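Owing to the predicted nature of the structure, the values given are computational and were not obtained by experimental measurement.
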Amino acid sequence: MRLFHELLGPLELPDRFLRIVSLAPNLTDALFALGFGERLVGRSAFCHRPAPVLALPVVASYTKTRLELLRSLKPDLVLLSTGVQREQALRLKEEGFPVYAVPLPTSPYGILENLSTLGHLLDLEERAVALAHELSGRYAALRGRFDLTVYFEMDLGGPITVGRGSYIAQALLHLGLKPIFLDVPQAYFTPDLEEVRRRAPDLFLYEPKPWGKNPLEKARALARERGWDFPVAATDGDELAHYGPMFFGFLEKLARRVEETLGQA
């Protein structure tokens, strides 16, 4: 298979892929959703969904790869995302690995576009089309569920929020949860917490790191520490920050939690 990649340039890849290494959680999710999970032979440290992937060897962090282990797995395809994995993809290509990098989406529709891209690459067109159609219908059903302003914060070793150009901001806006920093021309940035107080959102939505305990209690504790009296909702961690097919299920769960929060307010 010969193709041209806008980042990696000309690529020559096998016509069929039997041994795949995924170094991005969204792509690991997509492979299982497309019924290709059994062909995975390696993963990144952050690929922890679905559960069967945990049995695979950890080949990389998000930006660094154990090259000898990767070579020993003899992959015929190594999948990454662009964004912060851009340089890693270029290095692995220089090392002679069969690499393909999928774009970082700027809206939830980009997640569906990435499914289409994988369908082309893996000769799974019909499955990819069917899955994208199902997910787009579920996404459409969430439109305009609320009419609120929201401050969204995720814990990435410190507070990070979203502005314009983020698929998370686009998804929240689709639900009717308007991010208070939508006027900031930056997709992800460290927020000014006093500015959050000044803008007085209707809801504080918090996403903790994965595997944390009692996320809602942690979110409430943060609000108390900061002197905020906004209603609080929380995800279970690494949900809105995850941009594989599971993202749409996480959005549905978020909508239910916001409804519960508003019912209790």
Side-chain angles (χ1 to χ4, degrees), residues 5-8 23-27 29-30 46 62-63 79-90 100-118 132 135-136 138-140 142-196 198-210 233 235 237-252 254-255 258:
H5 191 282
E6 62 180 24
L7 169 65
L8 300 168
L23 302 184
N26 58 302
L27 298 173
D29 175 7
F46 298 98
Y62 209 60
T63 57
L79 287 171
L80 306 90
S81 287
T82 56
V84 297
Q85 289 193 307
R86 175 189 176 95
E87 295 304 318
Q88 187 179 16
L90 289 167
Y100 193 91
V102 175
L104 178 70
T106 57
S107 84
Y109 296 106
I111 300 173
L112 303 179
E113 180 66 22
N114 285 347
L115 275 176
S116 176
T117 297
L118 286 175
L135 295 175
S136 65
R138 290 166 60 184
Y139 185 55
L142 293 171
R143 184 174 183 270
R145 184 74 64 90
F146 307 100
D147 184 15
L148 304 170
T149 59
V150 62
Y151 166 62
F152 171 70
E153 177 179 312
M154 53 185 168
D155 183 357
L156 298 180
I160 296 294
T161 193
V162 295
R164 286 208 311 271
S166 158
Y167 72 92
I168 295 175
Q170 287 290 310
L172 293 174
L173 193 61
H174 178 81
L175 265 66
L177 301 172
K178 183 178 180 180
I180 61 171
F181 290 117
L182 203 60
D183 60 324
V184 176
Q186 191 171 349
Y188 305 96
F189 60 95
T190 301
D192 179 337
L193 298 180
E194 284 304 312
E195 182 64 12
V196 175
R198 190 186 71 77
R199 296 194 181 203
D202 297 317
L203 179 71
F204 170 31
L205 175 57
Y206 178 69
E207 174 147 298
K209 293 179 180 178
T235 77
D238 190 31
E239 293 189 346
L240 298 191
H242 175 82
Y243 47 95
M246 289 183 185
F247 178 79
F248 298 94
F250 293 144
L251 273 185
E252 291 167 338
L254 170 65
V258 171

Distance-only criterion, 3.5 Å: show the donor-acceptor pairs between side-chain atoms of residues 105-112 and protein atoms not counting sequence neighbours.
from   : atom 1 : to     : atom 2 : distance (Å)
Ser107 : OG     : Tyr109 : N      : 3.1

Run the salt bridge (charged side-chain N to carboxylate O under 4.0 Å, His left out) test on Arg199 and Asp183 for me, step by step, so that the C-alpha distance in whole Å, both residues' side-chain angles and the decisive distance to 0.1 Å come before the verdict. CA-CA 12 Å; Arg199 296 194 181 203; Asp183 60 324; 2.8 Å; yes
Suppose we call two aromatic rings close when their centres sit under 6.0 Å apart. Are Phe189 and Phe181 close by that rule? yes
By side-chain contact (heavy atoms from CB on, under 4.5 Å) - contacts of Arg138 (at least two apart): Glu134, Leu135, Glu252
Taking only residues two or more places apart in sequence or in another chain, which ones pass salt bridge (Lys or Arg N to Asp or Glu O under 4.0 Å) with Asp147? none
Contact between Leu23 and Gln88 at the side-chain level, heavy atoms closer than 4.5 Å - yes or no? yes
Determine the minimum heavy-atom distance between His174 and Tyr139, stating which atoms define it. NE2-O, 2.7 Å
Identify the two heavy atoms, one from Leu115 and one from Pro245, that lie closest to each other, and give their separation to 0.1 Å. CD2-CG, 4.0 Å
Between Glu207 (side chain only) and Glu239 (backbone N and O only), is there a donor and an acceptor less than 3.5 Å apart? yes
Just say parallel, tilted or perpendicular for the rings of Tyr151 and Phe204, cut-offs at 30° and 60°. parallel
Any non-hydrogen side-chain atom of Val102 less than 4.5 Å from a side-chain atom of Leu80? no
Mind checking whether Thr161 and Tyr188 have side chains closer than 4.5 Å, heavy atoms only? no
What is the distance from atom OG of Ser166 to atom CG of Leu173, rounded to the nearest 0.5 Å? 11.0 Å
Run the side-chain contact (heavy atoms from CB on, under 4.5 Å) test against Thr82 and tell me which residues pass, sequence neighbours left out. Leu7, Ala101, Pro103, Leu104
Shortest non-hydrogen contact between Ala24 and Ser81, atoms and distance: CB-OG, 3.8 Å
Do Leu205 and Leu172 have side chains that approach each other closer than 4.5 Å (heavy atoms only, starting at C-beta)? yes
Give me the one residue out of Val162, Ile160, Leu193 that meets side chain to side chain contact (heavy atoms under 4.5 Å, CB included) with Glu153. Leu193
Do Thr235 and Phe250 have side-chain heavy atoms sitting under 4.5 Å apart? no
Salt bridge (Lys or Arg N to Asp or Glu O under 4.0 Å) pairs, two or more places apart, involving residues 162-172: none
Shortest non-hydrogen pair, Ala200 vs Thr149, comes out as O-OG1, 4.3 Å
State, with a plain yes or no, whether a side-chain heavy atom of Tyr243 is found less than 4.5 Å away from one of Pro25. no
Of all heavy-atom pairs linking Phe247 and Ala171, the shortest is CZ-CB, 3.6 Å
By the definition side chain to side chain contact (heavy atoms under 4.5 Å, CB included), identify the one residue from Val150, Ile180, Leu148 that meets it with Asp202. Leu148
A quick test of your reading: do over 12 heavy atoms of other residues, nucleotides or ligands sit less than 6.0 Å from CZ of Arg145? yes
Report the C-alpha separation of Leu142 and Phe248 in whole Å, then their side-chain angles, then the decisive distance to 0.1 Å, and conclude whether the side chain to side chain contact (heavy atoms under 4.5 Å, CB included) test is met. CA-CA 10 Å; Leu142 293 171; Phe248 298 94; over 6 Å; no
Could you go step by step and tell me if Leu203 and Val258 meet the side chain to side chain contact (heavy atoms under 4.5 Å, CB included) rule? CA-CA 9 Å; Leu203 179 71; Val258 171; 3.9 Å; yes
Closest non-hydrogen contact found for Pro201 with Val196 is CD-O, 3.5 Å
Hey, are His242 and Asn26 close enough side-chain-wise for a donor-acceptor pair under 3.5 Å? no
Let me confirm one number: the CG-NZ distance from Asp155 to Lys209, rounded to the nearest 0.5 Å. 5.0 Å
List for me each residue that meets side-chain contact (heavy atoms from CB on, under 4.5 Å) alongside Pro210, sequence neighbours excluded, and say none if there are none. His48, Asp238
Beyond-backbone contact of Met154 with Ile168, side-chain heavy atoms, under 4.5 angstrom: yes
